[in-house]
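First comes the structure, then the notes that go with it.
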Amino acid sequence: MIKGSLCVFLKWRVLEVAAMERKQARGWTGREYVLFLVDSDHWALMHAAVRKQGAVKFKQSPWQDKWVPREKCDRAFYYKMMKEAVAHAVIFAFTTAYFEKYGYHHDKWTVSLLDWRQVLPHLMLGFMLYTQLQLTYLWRLPFNYALGIPYLPMHDAPYLSTSLRDFWSKRWNSRIQMRLRNLVFQPCISTLALAYPNHATANTRIASLVTFFASAVYHMYCVAVFMPRESIYSTATFFVVQGVACVAESTLRSRIHGKFGWCFAMGVLVWSSPMFAGSFARSRVLHSMPAIPGLVELFKSVI
């Protein structure tokens with residue numbers, strides 16, 4: 001597990017360095033190089049761009065306003081983080097107890113949204129994955145404080161997404177989203193703009209599809225490393241479906257918005273969740289993180 005995680009981390013860094021313009025890193029201090037190597041939030045890039053004021057044009061990220069600077073990491077902030085961590089730990093223990101007691105038996109690639117017996121375990125699986133990622137990322141808090149770099153949450157209340165695009169670009173997994181944005185989406189947009197300058201909408205949709213394809217390739221690699229017995233093709237299909245659904249949503253944006261936009265986003269995610277989350281349930285890889293002692297057994301006795 002540790003070896004596989006290290007390989008994934010190093011591969012991301014190699015790709016980021018290869019895609020970076022040389023003038024971006026020109027004049028960096030030693031500390032800025034260290035921040036780039038260890039910080040997946042690209043804070044070093046932003047700091048260098050702002051410091052040079054125009055020497056490098058820094059593209060704003062959808063997560064830009066979610067960073068919490070070190071000076072705002074006071075007692076109130078850590079108290080809030082502690083309460084959220086306890087809540088996530090309780091939810092994680094509950095979902096763990098659910099799967100330990102009832103197991104996971106879904107063998108199809110999709111879910112019937114009219115059958116609650118299919119929907120319920122996948123909702124549980126979604127919350128299990130969400131809380132596991134949230135809890136795993138807490139180690140960044142002391143690390144960010146020691147280096148004096150802002151803290152960026154892993155997620156931003158994805159269950160409140162108003163659309164499928166809102167979910168993937170602004171609320172789910174900030175680390176992967178920003179890397180794909182910097183490595184795939186922005187270069188693709190720039191290239192298409194040179195070739196087809198008068199087709200901005202079409203260029204954005206094509207770049208979105210290419211980005212989801214790149215995400216599919218990345219997650220296929222992760223499945224092959226961490227869950228070698230699971231199918232990489234269902235995982236790839238999941239992200240291709242999300243890309244197509246996002247493009248369809250943008251085409252019908254006048255009809256898909258507000259509460260209907262939320263229903264559409266959650267419906268697509270739950271309907272297609274077995275393609276991706278099913279691998280986690282069958283391999284039990286999420287169970288590798290320990291829950292609060294005794295809490296799982298308590299929940300198993302009452303559900």
Side-chain angles (χ1 to χ4, degrees), residues 1-9 11-12 88 91-113 115-137 154-155 158-159 161 164 167-168 171-177 179-180 209 211-246 265-291 296:
M1 179 71 74
I2 296 177
K3 184 178 179 180
S5 300
L6 183 60
C7 288
V8 172
F9 176 84
K11 282 180 171 59
W12 273 121
H88 291 148
I91 295 173
F92 180 76
F94 182 83
T95 54
T96 300
Y98 176 88
F99 285 108
E100 286 189 0
K101 185 171 183 177
Y102 298 107
Y104 180 81
H105 309 289
H106 196 81
D107 57 356
K108 299 179 181 179
W109 278 24
T110 58
V111 167
S112 172
L113 298 179
D115 187 350
W116 68 269
R117 290 169 297 183
Q118 293 186 35
V119 172
L120 180 60
H122 291 91
L123 289 177
M124 289 287 186
L125 191 55
F127 277 106
M128 189 179 188
L129 179 59
Y130 166 73
T131 53
Q132 197 264 0
L133 288 173
Q134 287 284 75
L135 292 169
T136 302
Y137 196 70
M154 173 64 78
H155 305 298
Y159 41 83
S161 301
L164 200 58
F167 178 90
W168 287 115
R171 294 184 179 273
W172 181 263
N173 202 333
S174 59
R175 303 303 169 283
I176 300 301
Q177 191 278 333
R179 285 170 174 170
L180 289 173
L209 288 174
T211 303
F212 273 102
F213 179 79
S215 181
V217 173
Y218 165 71
H219 285 90
M220 287 170 65
Y221 174 80
C222 289
V223 169
V225 171
F226 300 113
M227 297 170 281
R229 295 184 179 181
E230 297 297 327
S231 171
I232 62 175
Y233 302 109
S234 64
T235 299
T237 303
F238 172 80
F239 287 98
V240 171
V241 167
Q242 301 306 307
V244 172
C246 283
M266 296 301 112
V268 170
L269 289 168
V270 173
W271 173 76
S272 59
S273 59
M275 302 180 194
F276 177 63
S279 300
F280 290 92
R282 287 186 294 270
S283 64
R284 296 177 62 86
V285 68
L286 296 179
H287 294 258
S288 59
M289 191 181 82
V296 173

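By the 4.5 Å heavy-atom criterion applied to side chains, Arg284 and Glu100 are counted as neighbours. In this structure, Thr95 and Leu125 have side chains that are not in contact, with every pair of non-hydrogen atoms separated by 4.5 Å or more. Counting only heavy atoms from C-beta outward, the side chains of Met266 and Ser161 approach each other to under 4.5 Å. Side-chain contact between Leu123 and Val119 is present, with heavy atoms from C-beta onward closer than 4.5 Å. Using a 4.5 Å cut-off on side-chain heavy atoms (C-beta onward), Arg282 and Glu230 make contact. A 4.5 Å side-chain heavy-atom check between Phe212 and Cys246 finds at least one atom pair inside the cut-off. Counting only heavy atoms from C-beta outward, the side chains of Thr136 and Leu133 never approach each other to under 4.5 Å. Put simply, the side chain of Val217 does not reach to within 4.5 Å of the side chain of Tyr221, judged on heavy atoms.
Scanning for ring-ring contact (aromatic ring centres under 6.0 Å, His included) contacts around Phe127 gives an empty result, with sequence neighbours left out. For Ser215, the side-chain contact (heavy atoms from CB on, under 4.5 Å) test picks out Leu180, His219, Phe239, with sequence neighbours left out.
In this structure a side-chain-to-backbone donor-acceptor pair under 3.5 Å is missing from His155 to Tyr159. In this structure, Gln118 contributes its side chain and Val111 its backbone to no donor-acceptor pair below 3.5 Å.
Note that the CD atom of Gln132 and the CD1 atom of Ile91 stand 14.0 Å from one another [nearest 0.5 Å]. Atom OG1 of Thr131 sits about 12.5 Å away from atom CE of Met154, to the nearest 0.5 Å.
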**OP:** Start with the C-alpha gap between Val240 and Thr237, add the side-chain angles, then the distance that decides, and say whether side-chain contact (heavy atoms from CB on, under 4.5 Å) holds.
**Re:** CA-CA 5 Å; Val240 171; Thr237 303; 5.6 Å; no

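Taking both residues in full, the closest heavy atoms of Gln177 and Trp168 are given as CG-O, 3.4 Å, listed atom of the first, atom of the second, then distance. Between Ala245 and Leu164 the shortest heavy-atom distance is CB-CD2, 3.4 Å. Summarising the geometry of Pro158 relative to Arg171, their closest heavy-atom pair is CA-CB, 3.8 Å, with the distance given to 0.1 Å.
Separation of the His88 and Tyr130 ring centroids falls under the 6.0 Å cut-off. Aromatic pair Tyr104/His122: ring centres closer than 6.0 Å. Between Phe94 and Tyr98, a ring centre-to-centre spacing not shorter than 6.0 Å is recorded.
Between Phe167 and Trp172, the ring planes are parallel. Angles under 30° get that label, and only those over 60° would be called perpendicular.
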Name each donor-acceptor pair under 3.5 Å that joins a side chain in residues 269-281 to protein atoms two or more places apart or in another chain, with its distance.
unit_1 : atom_1 : unit_2 : atom_2 : d
Ser272 : OG     : Gln242 : NE2    : 2.9
Ser272 : OG     : Val268 : O      : 2.7
Ser273 : OG     : Val270 : O      : 2.8

